[in-house]
Amino acid sequence: MLEIKFVRQNLAEVQAALAARNDKADLDAFMEADEQRRVILQEMEALRHRRNVVSDQIADMKKKGENAESLVLEMRDVSARIKALEGDLAGHEETLQGILVTLPNLPHASVPVGRDETENVPFKQVGNPPTFDFPPQAHWDIGEKLGILDLERAAKITGARFPLYFGMGARLERALINFMLDIHTTEHGYTETLPPFIVNRTSMTGTGQLPKFEADLFKLENWDYFLIPTAEVPVTNIYSGDVLDEERLPVYCTAYTPCFRSEAGSYGKDTRGLIRQHQFNKVELVKFAHPEHSYAELESLLENAETILKRLEIPYQVITLCTGDLGFSAAKTYDIEVWLPAQDKYREISSCSNFEDFQARRANIRYRRKGRKGTAYVHTLNGSGLAVGRTFAAILENYQEADGSVRIPEALQPYMGGLKKIEPAT
RNA sequence: GGAGAGAUGGCCGAGUCGGCUGAAGGCGCUCGCCUGCUAAGCGAGUAUAGGGUCAAAAACUCUAUCGAGGGUUCGAAUCCCUCUCUCUCCGCCA
């Protein structure tokens, strides 16, 4: 969320940022409600002040045994007036809040301006796509033939876009989760967490999924609870409402969770395979950082995520999202895209963002400044480290052999009980 | 699901029959003094948010906030109602 004062004083800048994001909002309604709010507030506070003063007076008179009846009668009217004003004020504040929570974050100055994903800017490329002396198969074909992936039975159990891993497939998925968590906790200094997979409306609003994107979420019937679309939501909200000591920053947390997304509006996209599922596994990285260091923290967060692909020796590229492709809460985002031979292109496997104080303001996550008065909002960051299902797909496609078997990347072999290759049952 | 207890500032904790209680006391923290160093001791300070004055900051001032929301009242941390959460006991359960 943007600060109300900032919006009031920088209307043009906010308007320009909205345009760069292909977004818009009724800022006239905002200014109108803001103005009204302050007019009412002033009258109301003046009346409250009078009531406070007179109430003390009444107390004094009663103590002395004097008759305060006329003052009591007057205050009765004043209180009624205050109550009426409170109602008006609440109306305007609701309007203001309603607009404020739907305003996206301002892009950082270093974010390239662009209309949509076609104008994202390449940042770096690591590794070279492998060459095959046979036509590489898609991961769903490889997986089905090896008997380690059974999307048809998953559809029977639930419906389209749910995974069923089998045998060494389930083992490989679990190995990847452990591999990623081990690296982030032992080498990158993240604290492992295992948060709830269902969260309330307040948490979803805190990280920015709500109120605008409710259609993307799975909601529990009869409860105001939602299945998490990413561990970002429960993990960022670990410190909602808290005031952290400055010397504790930065705080690093990692979490493995399943993620649930309705994928509303994506019918016909990636209909096959593991790329776009309603349920998938992800290891997430979350940072609570000092505002002065958050962009350095974004770079190291990106490196932490990249490390996984480097160790697995899978080629990838990193792009900087342009203003038009930036997520609602993000000020800057790098996407890591992994090479998928069967698709002959790079596909997103991680998204690393700095949200600056946007989420911290919504979720009220602050720190106490050493030697200075008051508190300030922390900066929050997060990134996938990595999406496990897509990593699984990338291994199958990049490490496939002509006979349909799949080699296990060396770094992962200890997590697979020393297995070097998943081979077709003969 | 049934019965009961509770929710106060960064933390702990006090608030009598509703009336200078934004809130005693303690801890912590900051600054100063003291002290070979450290510790202890002494003194002062130490919530957040929103308005107003102001170009702005500082400063001053007003208002709100004692889990959340509503009610009673001239006046509510204190009384009433609803909800949420925590704890204890019983039941059920992985």
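Because the structure is a prediction, the values reported are computed rather than measured. First the proteins, then the strands, lettered A, B, ... as listed; each starts at 1.
- When both distances must be under 3.5 Å, the Watson-Crick or G-U wobble mate of B:rC11 is B:rG26.
- Spacing between atom CD1 of A:I82 and atom P of B:rC74 amounts to 13 Å, rounded to whole angstrom units.
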message = Between A:F226 and A:Q209, is the side chain to side chain contact (heavy atoms under 4.5 Å, CB included) condition met? List the steps.
response = CA-CA 11 Å; A:F226 302 83; A:Q209 280 73 18; over 6 Å; no
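- Atom NE2 of A:H49 is separated from atom C1' of B:rG50 by 17 Å (rounded to the nearest Å).
- Spacing between B:rG2 and B:rC83 at atom P, rounded to whole Å, works out to 12 Å.
- When rounded to the nearest whole Å, the span between CZ of A:F6 and P of B:rA49 equals 18 Å.
- Within the nucleic acid shown, A:D60 has no heavy atom closer than 4.0 Å to any nucleic acid atom.
- Every residue two or more places apart in sequence or in another chain was checked for a side chain to side chain donor-acceptor pair (under 3.5 Å) with A:E94, and none qualifies.
- Using Watson-Crick or G-U wobble geometry with both donor-acceptor distances under 3.5 Å, B:rA47 finds its partner in B:rU65.
- When the side-chain nitrogen and oxygen atoms of A:R76 are compared with OP1 and OP2 of B:rC74, one or more of them lie within a distance under 4.0 Å.
- Comparing B:rG70 with B:rA64, their P atoms sit 15 Å apart, to the nearest whole Å.
- Salt bridge annotation for A:R201-A:E214: present, with a cationic side-chain nitrogen under 4.0 angstrom from a carboxylate oxygen.
- Taking only side-chain atoms of A:Y225, from C-beta outward, the nucleotide of B:rC85, B:rG51, B:rC74 with the closest atom is B:rC85.
- Across every strand in view, B:rC17 sits unpaired, with no contact that passes the Watson-Crick or G-U test at under 3.5 angstrom.
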ask   = Does the salt bridge (Lys or Arg N to Asp or Glu O under 4.0 Å) test come out yes or no for A:K212 and A:D23, once each step is laid out?
value = CA-CA 12 Å; A:K212 277 189 102 170; A:D23 203 336; 3.3 Å; yes
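- A close approach under 4.0 Å does occur between a side-chain nitrogen or oxygen of A:S79 and OP1 or OP2 of B:rG75.
- The separation between A:R38 atom CZ and B:rU63 atom C1' is 16 Å, rounded to whole Å.
- Remark: B:rC87 base-pairs with B:rG4; criterion is Watson-Crick or G-U wobble with both hydrogen-bond distances under 3.5 Å.
- B:rA24 and B:rU82 have their C1' atoms separated by 32 Å, with the value rounded to a whole Å.
- When Watson-Crick and G-U wobble pairs are counted only if both distances are under 3.5 Å, B:rG32 pairs with B:rC42.
- Between A:F179 and A:Y415, the distance separating the two ring centers is shorter than 6.0 angstrom.
- A:R366 comes within 4.0 angstrom of the backbone, heavy atoms only, and of no base.
- At whole-Å resolution of the value, CG in A:D224 and P in B:rA68 are 19 Å apart.
- In this structure B:rC79 sits in a base pair with B:rG71, meeting the Watson-Crick or G-U test at under 3.5 Å.
- Comparing atom distances between the A:N52 side chain and each of B:rG75, B:rU63, B:rG19 picks out B:rU63 as nearest.
- Comparing the same atom, P, in B:rC54 and in B:rG43 gives a spacing of 43 Å after rounding to whole Å.
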request  = Test side-chain hydrogen bond (donor to acceptor under 3.5 Å, both in side chains) on A:T207 and A:E232 and set out the steps.
outcome  = CA-CA 8 Å; A:T207 37; A:E232 160 191 356; 4.9 Å; no
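- In this structure, A:R48 and A:K63 both approach RNA chain B, and ranking their closest nucleotides by distance from the 5' end singles out A:K63.
- Going from atom CZ of A:R37 over to atom C1' of B:rG52 covers 13 Å, rounded to whole Å.
- Under the Watson-Crick and G-U wobble criteria, each requiring two contacts below 3.5 Å, nucleotide B:rC93 is left unpaired.
- Residue A:E45 places a side-chain atom within donor-acceptor reach of the base of B:rG50, judged by atom type and a 3.5 Å distance cut-off alone.
- Taking atom C1' on both B:rC79 and B:rG75, the two are 13 Å apart, rounded to the nearest angstrom.
- Nucleotides B:rC17 and B:rA7 are separated by 16 Å at their P atoms, to the nearest Å.
- A donor-acceptor contact shorter than 3.5 Å is absent between the side chain of A:T158 and the backbone of A:A155.
- Close to B:rG10, at under 4.0 Å from its OP1 or OP2, lies no side-chain N or O of A:R248.
- Comparing B:rG4 with B:rU63, their P atoms sit 41 Å apart, to the nearest whole Å.
- Residue A:K62 is in base contact, counting any heavy-atom pair closer than 4.0 Å across all strands shown.
- Here A:Q42 does not reach the OP1 or OP2 of B:rG51: none of its side-chain N or O atoms lies under 4.0 Å away.
- Closest approach to the A:K83 side chain among B:rG51, B:rU72, B:rU63 is made by B:rU72 (side chain taken as heavy atoms from C-beta onward).
- Comparing the P positions of B:rA77 and B:rG19 gives a spacing of 10 Å, expressed to the nearest Å.
- When the C1' atom of B:rA68 is taken as reference, atom CG of A:N200 falls 14 Å away, rounded to whole Å.
- Ranked by how close their nearest RNA chain B nucleotide is to the 5' end, A:L41 and A:M75 are led by A:L41.
- A:L71 comes within 4.0 angstrom of no nucleic acid atom, judged by non-hydrogen atoms across all strands.
- If you check B:rU53 for Watson-Crick or wobble pairing at under 3.5 angstrom, you find it paired to B:rA59.
- A distance below 6.0 Å separates the ring centres of A:F328 and A:F358.
- When the P atom of B:rU63 is taken as reference, atom CD1 of A:I40 falls 19 Å away, rounded to whole Å.
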